[in-house]
Asker: 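First the structure, then my questions, so here it is.
Computed from a predicted structure; not experimentally measured.
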Amino acid sequence: MSKGKLDLSNFEKKLEVRNIRRDDFDQIINMQTACFPNMDPWKIEHLESHVNTFPEGQICVEYDGKIIGSCSSLIINFDEYDDKHTWDDITDEGYITNHDPEGYNLYGIEVMVDPAFRGMKIGKRLYEARKELARELNLKSIIIGGRIPNYHKYENELTPREYVEEVISKKIHDPVLTFQIMNGFTVMRINPGYLPDDKQSAKYATLMEWNNVDYHAKTKRHFKTAYPVRITVIQYMMKSIESFEEFAKQVEYYVDVAYDFGSDFAVFPEIFTTQLMSFLEEKVPSKSVRKLAGYTEDYIELFTNLAVKYNVNIVGGTHFVEEDDHIYNIAYLFRRDGTIEKQYKIHVTPNEKKWWGIQPGDVVKVFDTDCGKIAIQICYDIQFPELSRYAVDQGANIIFVPFCTDDRQGYLRVRYCAQARAVENQVYTVIAGTVGNLTHVENMDIQYAQSGIFTPSDFEFARDGIIGECHPNIETVVVGDVDLEILRRQRKSGTVCQLRDRRKDLFEINYKNIDTEVKPLK
């Protein structure tokens, strides 16, 4: 009986080494439970933080649709860590929010292979993927804190050092240490108390390093002592005008001022576009706000052109925008490369609801810029600490706060909360407010502000945590430099390190139904 050709696709297996995705999380946690039954597995929020912070460093092996191996890593400057560091120290308790894109070393924090698939060189594939990543990113070395899981069998007769020497001389086989040596890693030292729940290793770990022979030193990185970002904050005078062109002329004047100072950011206040209401001839607030929203395209075109023309990133205050028959209070970020982002006001004040019918947004964003990651929190939003914590956990170094308050009490709520957020999150905060009067505009008749730039409180920052501030209630600007390199160092080794020292074993913040994706401009 003749036989047809074999369909080779029936015999094919697909093995892929790739980056971890969110839909892999459950499989990874289940695999970790099988690999390390006596140790606490990852939490979903750990893995979320990994892929948000450093997606390239999170790698898995998929075999016929099943995750059978994975590894996690982050980049650090290893010289900044204590010789006797623990796993919690190096990983920020598993969240890797201390990941440093400017660091020299790739630090491996986890490798695991499904027990049912051992013997297929899955671990070697993961190690090779890490080495290739180190070469691509021009990192000096890969460092790992390796378990010594067979040590518990010898701890009554050998010290950890003696055990490691026996493994190196191949008199004892250790499934982890032997494998690492075979993959080109050398022992640097032995750290006690590295993983408190690793009973098999008696809490010890071997600190090991693989050197990237293709590494090319970058002189700039060796001597980088500062990363200044210059900010111009506009304390904007609200006064009657006759046309949009008059408004545009005032705005361009201040962007030009920011350019003359060599600023990276120009920051305008909340709802300063309500100045346009002074010539709209509509006294009913609920109607005038919709007339104002009709200038949205003109507003966006104006600020986009100014950002490109003057080569400055502009936080364009906020503007009332109509979307799907609702009015939102939206802050726009106009990058100097011509791209645009937006942040909805999350918490709407009773005043905004009463007079204008403003609706709250549900989009929480952290924006990439050519000066690092930033966030925008509009006036009332800075009074809710969870938003700032979220922004900093997503990498924000500066939080911009456009605000509009009509009395000193309201202003002080914004100011004190902005300064508190700067201290508790080790982040820079910038507040920009309106001053003056719009005598013929309902609900916008008086303003109170004293705009400023604030820092955390420690020796390397300004003495009072204030880089600069305007005089209250006059039209002016304040210009100041924030140093992102000082911020980075202080987050790692300040007098106190609020971000690092959080008791994540006792508390955490869960964000419910928050859309963190950028919505398209309308």
Side-chain angles (χ1 to χ4, degrees), residues 236-248 250-251 268-303 315-333 340 342-364 376-384 387 401-411 413-414 432-449 515 519-522:
Y236 190 88
M237 175 68 74
M238 301 291 272
K239 54 191 175 186
S240 294
I241 54 176
E242 300 296 328
S243 65
F244 184 85
E245 290 70 28
E246 188 177 348
F247 168 79
Q250 291 184 20
V251 167
F268 286 86
E270 181 187 24
I271 58 173
F272 79 117
T273 60
T274 54
Q275 187 181 35
L276 301 174
M277 290 179 174
S278 62
F279 66 80
L280 291 182
E281 298 181 354
E282 176 56 68
K283 301 300 181 184
V284 179
S286 61
K287 294 181 179 179
S288 65
V289 74
R290 291 184 182 271
K291 277 194 171 183
L292 175 62
Y295 284 88
T296 297
E297 291 186 9
D298 295 322
Y299 159 83
I300 291 175
E301 184 176 6
L302 168 66
F303 276 91
V315 178
T318 78
H319 177 66
F320 289 140
V321 180
E322 184 173 358
E323 296 181 352
D324 301 325
D325 203 36
H326 295 300
I327 301 295
Y328 296 93
N329 189 356
I330 299 179
Y332 289 85
L333 169 65
I340 308 169
K342 63 178 178 178
Q343 172 66 63
Y344 295 75
K345 190 171 186 177
I346 303 300
H347 299 91
V348 176
T349 64
N351 185 285
E352 289 173 288
K353 294 177 185 176
K354 174 183 175 182
W355 290 96
W356 297 312
I358 304 303
Q359 299 298 306
D362 60 357
V363 179
V364 178
I376 304 173
Q377 295 179 8
I378 305 168
C379 196
Y380 197 23
D381 286 341
I382 197 64
Q383 299 175 44
F384 296 84
L387 292 186
V401 186
F403 74 95
C404 176
T405 52
D406 57 3
D407 56 43
R408 190 169 185 271
Q409 287 76 17
Y411 157 70
R413 286 194 293 270
V414 173
T434 53
V435 297
N437 307 290
L438 285 178
T439 54
H440 302 296
V441 176
E442 195 72 38
N443 197 45
M444 285 298 294
D445 42 359
I446 60 172
Q447 321 286 307
Y448 188 103
D515 180 3
K519 293 183 177 179
L521 296 174
K522 296 186 178 180

Asker: Are Q275 and Y236 side-chain neighbours, meaning at least one heavy-atom pair lies under 4.5 Å?
Answerer: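 Yes. Closest side-chain heavy atoms under 4.5 Å.
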Asker: Start with the C-alpha distance between D362 and Y344, add both sets of side-chain angles, then the distance that settles side chain to side chain contact (heavy atoms under 4.5 Å, CB included), and finish with yes or no.
Answerer: CA-CA 7 Å; D362 60 357; Y344 295 75; over 6 Å; no
Asker: Check step by step if ring-ring contact (aromatic ring centres under 6.0 Å, His included) holds for Y295 and F244.
Answerer: CA-CA 9 Å; Y295 284 88; F244 184 85; 5.7 Å; yes
Asker: Do you know the tightest heavy-atom contact between K291 and E281?
Answerer: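 The answer is NZ-O, 4.5 Å.
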Asker: Distance check, rounded to the nearest 0.5 Å: F384 atom CZ versus H347 atom NE2?
Answerer: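 Rounded to the nearest 0.5 Å, the CZ-NE2 separation comes to 4.0 Å.
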Asker: If you round to the nearest 0.5 Å, how far is CE of M444 from OG1 of T274?
Answerer: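 Rounded to the nearest 0.5 Å, the OG1-CE separation comes out at 3.0 Å.
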Asker: Answer whether the closest heavy-atom distance between the side chains of N329 and F320 falls below 4.5 Å.
Answerer: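 They are in side-chain contact.
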Asker: Flag the pair D325 and R290 as a salt bridge only when some basic side-chain nitrogen lies within less than 4.0 angstrom of an acidic carboxylate oxygen.
Answerer: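 Answer for the salt bridge query: yes.
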Asker: For the residue pair Y299 and H319, does the interplanar ring angle fall in the parallel (under 30°), tilted (30 to 60°) or perpendicular (over 60°) class?
Answerer: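 Parallel.
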Asker: CD1 of I382 to CG of L387: how many Å apart, nearest 0.5 Å?
Answerer: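 One gets 8.0 Å once the value is rounded to the nearest 0.5 Å.
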Asker: For the CZ atom of F247 and the OG1 atom of T273, what is their distance to the nearest 0.5 Å?
Answerer: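 Separation between the atoms: 6.0 Å.
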Asker: For side chain to side chain contact (heavy atoms under 4.5 Å, CB included), just list the numbers for I340 and F303, CA-CA rounded to whole Å, side-chain angles, deciding distance to a tenth of an Å, and then say yes or no.
Answerer: CA-CA 10 Å; I340 308 169; F303 276 91; over 6 Å; no
Asker: What salt bridge (charged side-chain N to carboxylate O under 4.0 Å, His left out) pairs are there with at least one residue in residues 345-359, not counting sequence neighbours?
Answerer: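 Every pair satisfying salt bridge (charged side-chain N to carboxylate O under 4.0 Å, His left out) with a residue in residues 345-359: E270-K345, K345-E352.
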Asker: Identify the two heavy atoms, one from D381 and one from I346, that lie closest to each other, and give their separation to 0.1 Å.
Answerer: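 Closest pair (atom of D381, atom of I346, distance): OD2-N, 3.0 Å.
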Asker: Please find the pair of heavy atoms, one from L292 and one from L280, that lie closest to each other, and give the distance.
Answerer: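 Nearest pair, atom of L292 first, then L280: N-CD1, 3.8 Å.
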Asker: Identify the two heavy atoms, one from S240 and one from S278, that lie closest to each other, and give their separation to 0.1 Å.
Answerer: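 Residues S240 and S278, closest heavy atoms: CA-OG, 3.7 Å.
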Asker: Can you find a heavy atom in the side chain of Q250 that is under 4.5 Å from one in the side chain of I241?
Answerer: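 Side-chain contact under 4.5 Å: yes.
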Asker: After noting the C-alpha distance and the side-chain angles of Y332 and T296, does the key distance pass the side chain to side chain contact (heavy atoms under 4.5 Å, CB included) rule?
Answerer: CA-CA 11 Å; Y332 289 85; T296 297; 4.3 Å; yes
Asker: For the residue pair T434 and C404, what are the closest heavy atoms and their distance?
Answerer: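 For T434 versus C404, the nearest heavy atoms are OG1-SG, 3.4 Å.
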Asker: Measuring from S288:OG to E442:CD, what's the distance to the nearest 0.5 Å?
Answerer: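 Going from OG on S288 over to CD on E442, the span is 9.0 Å.
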Asker: Hey, mind stepping through H440 and M277 against side chain to side chain contact (heavy atoms under 4.5 Å, CB included) and telling me if it holds?
Answerer: CA-CA 9 Å; H440 302 296; M277 290 179 174; over 6 Å; no
Asker: As an exercise, state the distance from CD of Q377 to CD of Q383, rounded to the nearest 0.5 Å.
Answerer: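 Reported to 0.5 Å precision, the distance equals 11.0 Å.
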Asker: For T318 versus I271, what's the shortest heavy-atom pair and its separation?
Answerer: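 Heavy atoms of T318 and I271 come nearest at OG1-N, 2.7 Å.
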